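Every chain is numbered from 1, with letters handed out A, B, ... down the list of sequences. None of these values were measured; they are calculated from a predicted model.
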Amino acid sequence: MEESAQSTSEEQQRYNPAEIEPKWQARWDADPALYAAEGHDCGKPKFYCLEMLPYPSGQLHMGHVRNYAIGDALARFMWMRGSNVLHPMGWDSFGLPAENAALKNNTPPAEWTLANIAAMRRQMRRMGLSYDWATEVTTCLPEYYRWNQWFFLKMFNAGLAYRKKSKVNWCPQCQTVLANEQVVDGRCWRHDDTPVEQRDLTQWFLRITKYADELLSGLDKMDGWPEKVRTMQRNWIGRSEGALVDFAVAASQQAAEKITVFTTRVDTIFGATSVQLAPEHAVAKSFAAGNPRLAAQIDEMLAQQKDAREAGDLSAIEKHGVDTGKFAVNPFNGELVPIWVANYILADYGTGAIMSVPAHDERDFEFANKYGLPVRRVIVPNGQKQNTEILGFAQNDGASEGTLPYTAEDDSSLADSGQWTGQPCVEAQQKMAAFARENGFGTATVTYRLKDWGVSRQRYWGTPIPMVYCANGHAGIEPGGVVPLPESALPVLLPAQVEITQQGGSPLGRVAEFVNTACPVCGGPARRETDTMDTFVDSSWYFYRYTDAKNAAAPFDSAKANYWFPIDQYIGGVEHAILHLIYSRFWTRVMRDLGLINNDEPAARLFTQGMVIKDGAKMSKSKGNVVSPDLMIERYGADATRMYALFAAPPDRDLEWQEDGVAGISRFLGRVYRLTTKYSEPASRRVSETTAQATQCAAEAKLLRTLHQTIAKITDDFSGRWHFNTCIAAIMILVNEIAAAEPLMEEGKISGPAIAEVFRTLTLLLAPFAPFLAAELWEQLGGQGAVFRVAWPVADAELAREAEIEIPVQVNGKLANVVTLPAGSDEATIQAAAQTDAKVAARIAAKTVVKVIVVPGKLVNIVVR
RNA sequence: GCCCGGAUGGCGAAACUGGCAGACGCAGCGGACUUAAAAUCCGCAGACCCGCAAGGGUUGUGGGAGUUCAAGUCUCCCUCCGGGCACCA
């Protein structure tokens, strides 16, 4: 009996997250105002803290835990600093996995998705994340996706959404089209074992290229974004300045037949020794029409390209080409050059045709070597003689040794180039483009790698595209033509009972009640568009919806969006650098041009956290190294799990998950709990300040010094470096010092107010990292209200200052001893102390002091000989 | 091939502007408490060598050179690992 009574009372002293965490979770759940954002008139500075919304797979993984632990710490810190914080969460809940699950389990996608959301919301609450659930956004619900449709209509009317037939990426696994951004190394971004096929389909596109220049130049100003992400976006946009030049086809029956080439080096045009066409090029096709041999060779090239693309490595195929036997006229010098078709010319970049200048381009050089095409040098470094020779066959030795291809354009000039000979390259590029324009055979131009965003998906679980095809046609619309629905017809609801099968074609096409409708203009029969939108549409603007999530009349109220935007801190994985993060920048500009918002960019600052790794590899089911957050929470509690995710590595680096480390954090939290609860009522327990004596005051001063240094360090880190791992280490140091001072507290030799300040502040410092424990301790300390609304402690520089400082003394760069001196001692004092130190003196005895370096506050180095 | 990161004890890491390398934690070892164990608390700890010990010496931040009184940190060259881009004319 006695034993159990004792163990019960000890039990109460023990840190038991399984008890305190659910208790606080229930209290927080019952208090929706706790994490609610306030209005624009609350008088506080706003802070929009956002983590990327997850796909509701049904299971939180460690990457989520890390992402949300970072965001949550920041949100709580900002609240404590007196900001009005918006910290929302939502669900990127359209997409293929729901259809796959439907196939597998015979569960409707909606049901499966909503159940997953419920499960993940429960996990997030269990983690104690400070989301304002009143602003929750679920993209698969009509309340949300109707605004996708609304935007789509706006874009259609603005000419930003259009249909065209083109070659598109098709994933046979997903049974749908993919955007360029969703093709990774020739594979589907979701199925890295599935080669993407090319199909000709008529699809809806969004005109992101209209904003290409702005998306590019905007990056220069985005210094709150990682340089890495900005670079990736720059490369993806791939702006390139050059010129279009028309080469007439010589002796063409069709007099107007010409080949327009794109080049960034029009200054090299006198060195062009052939014109190269992509196998898909229209002129190549027209030549092939009368030349079966050529036609066969072109077909072979196309087949080979397809194979290579499916193998995932386009650059692996060897360059080869075929001479068409035709010639083109170089408009600058009237020369005839042969026209070839070559497999390395991309049909969808530039014009699908180039002028080949072997002397000044790596690829052209390689190609010319292979086929013995002439190499003519027309660019030389400044100062070199400007007469050159036609080399005839390319050479790798002799006269051209190591000099070709010569690709530099800076500090280089033209040679053998008619009236432009001797001019610097860069200057000549402009003048020659202007010349072409004046003479009607070319112009300066800019091309982009970025293509318009193909958004049609032949899938069920997505936003229906709000368009119909009027069967009979009417004024201005031919039969079968596209008619946009009026806004009043929105939302176009996704039909609930749809059989999901693996056959091709849009599943919606098999739902007669959905497909068959009336034309909104003429009332005649019409069929609905049966493709749905890419799910990246959903995530392109969801963060605006958070500012006004319940609005039934508009996607959001502009005043609210303008108050909260831009996002002050966006946190997520780098894998979205050129998908979500470029689409949402585009969407923001579209909304701005529609007059809905004032900002150009969605997020002022972006943080990309590192991956969570186990046994040296990214966690994945196939590797069998997945660690379940649920299991960690069950064993060690949410506080310990989250805090470990912040402690194990700086947030931008990869993190190796070690369960023993979580146990260590749990132990640490237990220590905090034990100490704090023991001293939670100092006034009633002991303490009279008058007992303090000088030496004990020193111990107290030391404790307070560490306390204030810790405050300063953490406060500083939140505003800059975000090295939460060292913040937590600093708290551990503080706690170690408190534990060391415990005997003095026991004896009442540390004052009551000091003890109270130490534990009160410790609790506040822990609040962003271990919210459950902080809430519990705050209550036990008698704190009023939610700990997350208590003002963040302010470091007192006076209390934080070190009275004495240890200065290492080196002799010839090697440590001889450490001397202790009052802080702020001047150079002379330090040097004197250093040189008179016994150990130091012993080392410099019998030597000559050459030089003494004194760095006040840092060290002394005595150079002897 | 090009562009970013990164490499520090047995492990995760720290050292922010050049100034005591390894803070903090994990694992380990020793001790206290306990009949015992768990939990907890205290202590030790880069490696090598000398010493019974206190202590002392050498060496050490992927490799090599350099700048400097002083280099994990700066410069040059190289190796390996991770990520991105890759026939873009």
Can we call the ring centroids of A:Phe247 and A:Phe441 under 6.0 Å apart?
no
For B:G25, take OP1 and OP2 only and decide whether either is under 4.0 Å from a side-chain N or O of A:Asn725.
no
Separation of A:Thr407 OG1 from A:Asp364 CG (nearest 0.5 Å):
11.5 Å
Any donor-acceptor N/O pair under 3.5 Å between B:C69 base and A:Asn861 side chain
yes
Check whether any side-chain N or O of A:Arg674 sits under 4.0 Å from OP1 or OP2 of B:C41, and answer yes or no.
no
Ion pair check, A:Glu659 and A:Lys614, cut-off under 4.0 Å
no
Syn or anti for B:G9 (syn when the glycosidic angle lies within 90° of 0)
syn
Under 4.0 Å: is that the gap between some side-chain N or O of A:Asn736 and OP1 or OP2 of B:G25?
yes
Gap in Å between the two P atoms, one belonging to B:C29 and one to B:G82, rounded:
34 Å
Starting at the 5' end of RNA chain B and moving along, which residue's nearest nucleotide shows up first, A:Val855 or A:Ser240?
A:Val855
Taking atom types as modelled and ignoring hydrogens, do the side chains of A:Gln429 and A:Glu241 form a donor-acceptor contact shorter than 3.5 angstrom?
no
State which of B:A89, B:C20, B:A86 makes the closest approach to the side chain of A:Pro808.
B:C20
Which nucleotide sits closest to the side chain of A:Met232: B:G84, B:G12, B:A13?
B:G84
In whole angstrom, what separates A:Asp267's CG from B:A89's C1'?
13 Å
Would you call A:Arg234 and A:Asp220 a salt bridge, using N to O less than 4.0 angstrom?
yes
Same-atom distance (C1') from B:C16 to B:A23, integer angstrom:
14 Å
How is A:Ile345 classified with respect to the nucleic acid when contacts are heavy atoms under 4.0 Å: base, sugar-phosphate, or nothing?
base
Nucleotide of B:A89, B:C69, B:C3 approaching A:Val863 most closely (side-chain heavy atoms):
B:C69
Using the P atoms only, state how far B:A7 lies from B:A14, rounded to an integer number of Å.
9 Å
Taking a pair to mean Watson-Crick or G-U wobble geometry with both distances below 3.5 Å, B:U35 pairs with none
Separation between the P atoms of B:G83 and B:C77, rounded to whole Å:
25 Å
Give the rounded distance in Å between these two atoms: CD1 of A:Ile728 and C1' of B:G25.
11 Å
When we call it a touch if two heavy atoms are under 4.0 Å apart, what does A:Tyr448 touch: a base, just sugar-phosphate, or nothing?
nothing
How far, in whole Å, is B:U58 from B:G19 if one measures between their C1' atoms?
22 Å
Side-chain contact check for A:Ile733: nearest option of B:A23, B:C42, B:G25 is B:A23
Is the phosphate of B:A86 approached by A:Arg449 (side-chain N or O, under 4.0 Å from OP1 or OP2)?
yes
Ring-face cation of A:Lys319 near A:Tyr344 (centre distance under 6.0 Å, axis angle within 45°):
yes
Separation of A:Lys814 atom NZ from B:A21 atom P, in whole Å?
11 Å
Nearest to side-chain heavy atoms of A:Thr263, which nucleotide of B:A89, B:C20, B:A14
B:A89
Looking at B:A21, which nucleotide sits across from it as a Watson-Crick or G-U wobble partner, both distances under 3.5 angstrom, or is there none?
none
Provide the distance between the two P atoms, one in B:C4 and one in B:C78, to the nearest whole Å.
15 Å
Toward the 5' end of RNA chain B, which comes first, A:Lys839 or A:Gly661, by nearest nucleotide?
A:Gly661
Among the nucleotides B:C24, B:A14, B:C26, whichever has the atom closest to the side chain of A:Arg653 is B:A14
Picking from B:C16, B:A13, B:C20, the nucleotide nearest the side-chain atoms of A:Arg721 would be B:C16
From B:C24, B:C69, B:U59, pick the nucleotide closest to the side chain of A:Met732?
B:C24
B:C52 pairs with which nucleotide, Watson-Crick or G-U wobble, both distances below 3.5 Å?
none
Distance, rounded to the nearest Å, where A:Ile269 contributes CD1 and B:A89 contributes P
16 Å
Tell me what A:Asp364 touches on the nucleic acid: a base, only sugar-phosphate, or nothing, going by heavy atoms under 4.0 Å.
nothing
Any strand, both distances under 3.5 Å, Watson-Crick or G-U wobble: B:U61 pairs with none
Grab the CD1-C1' distance between A:Ile830 and B:G19 for me, whole Å please.
13 Å
Check this for me: does any side-chain nitrogen of one of A:Lys678 and A:Glu746 sit under 4.0 Å from a carboxylate oxygen of the other?
yes
Starting at atom CD of A:Gln233, determine the distance to atom P of B:G84, rounded to an integer number of angstrom.
15 Å
When you get a sec, tell me which of B:A39, B:C11, B:A89 is the closest nucleotide to the side chain of A:Gln658?
B:C11
Return the pairing partner of B:G82 with a 3.5 Å limit on both distances, Watson-Crick or G-U wobble; otherwise return none.
B:C4
Consider ring pair (Phe, Tyr, Trp, His ring centres under 6.0 Å). Of A:Trp722, A:Trp225, A:Phe724, which one does A:Phe607 pass it with?
A:Trp722
Separation of the P atoms in B:C42 and B:G51, to the nearest angstrom
35 Å
Between A:Ser274 and A:Tyr371, is there a side-chain donor-acceptor contact under 3.5 Å, judged purely by atom types and distance?
no
Suppose you measure atom P in B:C87 against the same atom in B:U75; what distance do you get, rounded to whole Å?
32 Å
Give one of base, sugar-phosphate or nothing for A:Gly664, where a contact means two heavy atoms less than 4.0 Å apart.
sugar-phosphate
B:G28 pairs with which nucleotide, Watson-Crick or G-U wobble, both distances below 3.5 Å?
B:C44
Of all the nucleotides listed (B:G84, B:C87, B:C11), which has the minimum atom distance to the side chain of A:Lys319?
B:C87
Between the base of B:C69 and the side chain of A:Lys851, is there a donor-acceptor distance below 3.5 Å?
no
side-chain N/O A:Arg843 vs B:G57 OP1/OP2, d < 4.0 Å:
yes
Tell me: NE2 of A:His723 to P of B:A15, nearest whole Å?
7 Å
Nucleotide B:C4, atom P - distance to CG of A:Asp652 in whole Å:
17 Å
At less than 4.0 Å, is any side-chain N or O atom of A:Arg667 found next to OP1 or OP2 of B:C26? Yes or no.
yes
